[in-house]
Amino acid sequence: MLKALIVGASGYAGAQLAYYLNRHPHIEIAGLTVSEKSLDAGKLISDFDLHPQLKGLVDLPLLATSDYSSIIKDIDIVFLATEHSVSHDIAPYFLERGCTVFDLSGAFRVNSASFYTEFYGFVHQHQTWLDNAVYGLAEWNDKQIKTAQLIAVPGCYPTASQLPLKPLLVDKLLDTTQWPVINAVSGVSGAGRKASLKNHFCEVSLHAYGLFTHRHQPEIASHLAQEVIFTPHLGSFKQGIHATITCRVNEGVTSEQILATLNKYYASKPLVRIYQKDWPALKSVIGLPYCDIGFVLKGRHLILISVEDNLLKGAAAQAVQCMNIRFGFDETTSLL
Ligand SMILES: NC(=O)C1=CN([C@@H]2O[C@H](COP(=O)(O)OP(=O)(O)OC[C@H]3O[C@@H](n4cnc5c(N)ncnc54)[C@H](OP(=O)(O)O)[C@@H]3O)[C@@H](O)[C@H]2O)C=CC1
Ligand SMILES: CC(=O)N[C@@H](CCC(=O)OP(=O)(O)O)C(=O)O
């Protein structure tokens, strides 16, 4: 059994990790932690006001600490389900002690120090770890994940955006002079569990945000090696991301070619499902670890639809998928 620690366990992504790791035949949850001053210190993660869906499954207490020295012993794997600056600060502690770290935040996703100053508001202090981090887009980077010590699990919007576009770019089916236009709508859980007016139920309707400035635009563009126009939207539903991606194909490209290319890259990938006709809806993926992809071509105009659960394929499920790949377990262990 490998021993795993979840830091930030009381959050939305952390609780999903706890659920998956508890069912995993090769993993023992060795600890669940929250911040030193957490209001949830000492509570069970399955308490009524936290994550009662875990009752009887994971009735473990939340340890409030910033000193991991007493729990680090014997830990093999650390999941950081913490905000970017927290992951940035604490990841090296675990890495230097030999743990394999799966970071769900953006702190190690893009190998550019200036990116962090511009989009995350802090100066990145760990260039060597940034150099060594492997981007955990599981369907594409499995070879590198197998030997990585630090896996930067992609963002929720970047996963939904890159999975449909990447095969078409790699196989040169897109006219890249027209930047793909990604309009994506996220449920409110994408903003995390902490209460704020911005994600208050009565305040959320449907609106675009981060126009030309969202940090996921450069994450998507750098990993696709293709500029994109990315506009996120907040919708009044709890979970899920629905991305509508409009692009232009090269002269002569047919629907059959697009389907063949998507199948070429994903037919053997159990967590990406390609639609031969019609296109997916959020209800196909909520509570499940899949990214579902459909498309329609008219002339040279292509619309791709991709959907995922932001907390699952967009966060916790992809992190566990990466862990499965890293440690040689079946990719879908505990996920399906
Ligand atoms: N929500 C989503 O859809 C997605 C989230 N992510 C990323 O995953 C990470 C977690 O997101 P999410 O679960 O939504 O966030 P939440 O706000 O729901 O949870 C954050 C967790 O971190 C804990 N925490 C806060 N400060 C510290 C600290 N200094 N040390 C240890 N724990 C701390 C919080 O508990 P407390 O405050 O009580 O200490 C809580 O358990 C973020 O980086 C996010 O960007 C990635 C993809 C999708
Ligand atoms: C709805 C909402 O607010 N979504 C978040 C993105 C989700 C997230 O947690 O960001 P990472 O994928 O970078 O970790 C946002 O736009 O900031």
Side-chain angles (χ1 to χ4, degrees), residues 106 108-116 118-120 130-131 133-145 152-186 208-233 241-255 257-266 269 272 274 279 291-308 310 313-314 318:
F108 295 92
R109 289 181 192 150
V110 176
N111 192 352
S112 152
S114 63
F115 165 76
Y116 286 96
E118 191 177 347
F119 289 94
Y120 283 78
L130 204 47
D131 291 342
V134 166
Y135 190 60
L137 192 63
E139 281 70 22
W140 289 87
N141 296 343
D142 50 347
K143 279 194 190 68
Q144 299 93 309
I145 291 168
V153 183
C156 46
Y157 288 121
T159 299
S161 304
Q162 290 176 80
L163 286 176
L165 282 169
K166 197 144 173 110
L168 307 180
L169 286 165
V170 170
D171 277 14
K172 301 194 185 319
L173 299 188
L174 296 189
D175 172 356
T176 53
T177 59
Q178 180 179 306
W179 294 3
V181 177
I182 304 163
N183 287 309
V185 189
S186 171
Y209 64 102
L211 277 71
F212 289 125
T213 58
H214 197 280
R215 65 188 186 285
H216 286 170
Q217 190 282 338
E219 182 183 330
I220 297 165
S222 69
H223 287 286
L224 282 179
Q226 165 64 44
E227 277 302 338
V228 295
I229 294 173
F230 167 66
T231 311
H233 299 68
I241 285 187
H242 183 292
T244 305
I245 305 172
T246 308
C247 39
R248 189 172 158 89
V249 297
N250 286 325
E251 189 83 55
V253 169
T254 63
S255 290
Q257 269 176 289
I258 291 166
L259 182 60
T261 291
L262 292 171
N263 281 332
K264 173 172 141 193
Y265 289 97
Y266 295 131
K269 303 290 180 188
V272 177
I274 304 300
W279 47 90
C291 177
D292 282 5
I293 298 170
F295 70 92
V296 177
L297 180 69
K298 185 171 184 189
R300 290 179 62 190
H301 301 292
L302 173 66
I303 299 176
L304 294 154
I305 303 288
S306 98
V307 294
E308 66 178 17
N310 56 301
K313 183 61 175 161
Q318 183 149 240

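This one's a predicted model, so the numbers in the text were calculated from it and none came from an experiment.
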Quiz item: Could Glu139 and Lys269 be called an ion pair, given the rule that one side-chain N must be under 4.0 Å from one carboxylate O?
Solution: no
Self-check item: Sequence-distant partners of His214, ring pair (Phe, Tyr, Trp, His ring centres under 6.0 Å), two or more places apart
Solution: Tyr157, Tyr209, His216, Phe230
Practice problem: Decide yes or no for Leu130 and Phe115: does some side-chain heavy atom of the first lie under 4.5 Å from some side-chain heavy atom of the second? | Solution: no
Quiz item: Considering the options Leu168, Leu165, Leu169, which one meets the side chain to side chain contact (heavy atoms under 4.5 Å, CB included) requirement together with Gln226?
Solution: Leu169
Exercise. Provide the closest heavy-atom pair for Gly136 versus Ile145 in the form atom of the first, atom of the second, distance.
Key: CA-CD1, 4.0 Å
Quiz prompt | Nearest heavy atoms of His223 and Arg109, plus distance in Å | solution = NE2-O, 2.7 Å
Quiz prompt | Closest non-hydrogen atom pair between Thr261 and Pro167, with its separation | solution = CG2-O, 3.5 Å
Practice problem: Spell out, as yes or no, whether a donor-acceptor pair under 3.5 Å connects the side chain of Gln217 to the backbone of Val228. | Solution: yes
Quiz item: Hey, are the side chains of Leu262 and Phe295 touching, using non-hydrogen atoms and a 4.5 Å cut-off?
Solution: yes
Exercise. Return yes if some donor-acceptor pair links the side-chain N/O of Arg248 with the main-chain N/O of His301 below 3.5 Å, else return no.
Key: no
Quiz item: CD1/Ile220 to NZ/Lys166 distance, rounded to the nearest 0.5 angstrom?
Solution: 12.0 Å
Exercise. Evaluate the side-chain proximity of Cys291 to Ser306: yes if any heavy-atom separation is below 4.5 Å, no if none is.
Key: yes
Self-check item: Point-to-point distance, once rounded to the nearest 0.5 Å, from OG1 of Thr176 to CG of Leu224
Solution: 11.5 Å
Quiz item: How far apart are the closest heavy atoms of Ala160 and Glu308, and which atoms are they?
Solution: N-OE1, 3.5 Å
Practice problem: Any chance you could measure Glu227, atom CD, to Ser222, atom OG, to the nearest 0.5 Å? | Solution: 9.5 Å
Practice problem: Check Gly252 against Gln257 and note the closest heavy-atom contact, atom names and distance. | Solution: O-OE1, 3.6 Å
Practice problem: Mind checking the CG-CD1 spacing from Leu302 to Ile258? Nearest 0.5 Å is all I need. | Solution: 4.5 Å
Quiz prompt | Least distance between heavy atoms, Tyr135 atom then Pro158 atom | solution = OH-CB, 3.7 Å
Practice problem: Please answer whether the main-chain N or O of Lys172 pairs with a side-chain N or O of Asn250 as donor and acceptor at a distance below 3.5 Å. | Solution: yes
Exercise. Using a 4.5 Å cut-off on heavy atoms from C-beta on, say whether the side chain of Phe119 contacts that of Val110.
Key: no
Quiz item: Is there a donor-acceptor contact under 3.5 Å from the side chain of Tyr266 to the main chain of Leu163?
Solution: yes
Quiz item: Can you tell me how far NZ of Lys313 sits from CG of Asp292, rounded to the nearest 0.5 angstrom?
Solution: 11.0 Å
Quiz prompt | From SG (Cys247) to CD1 (Ile182), nearest 0.5 Å | solution = 9.0 Å
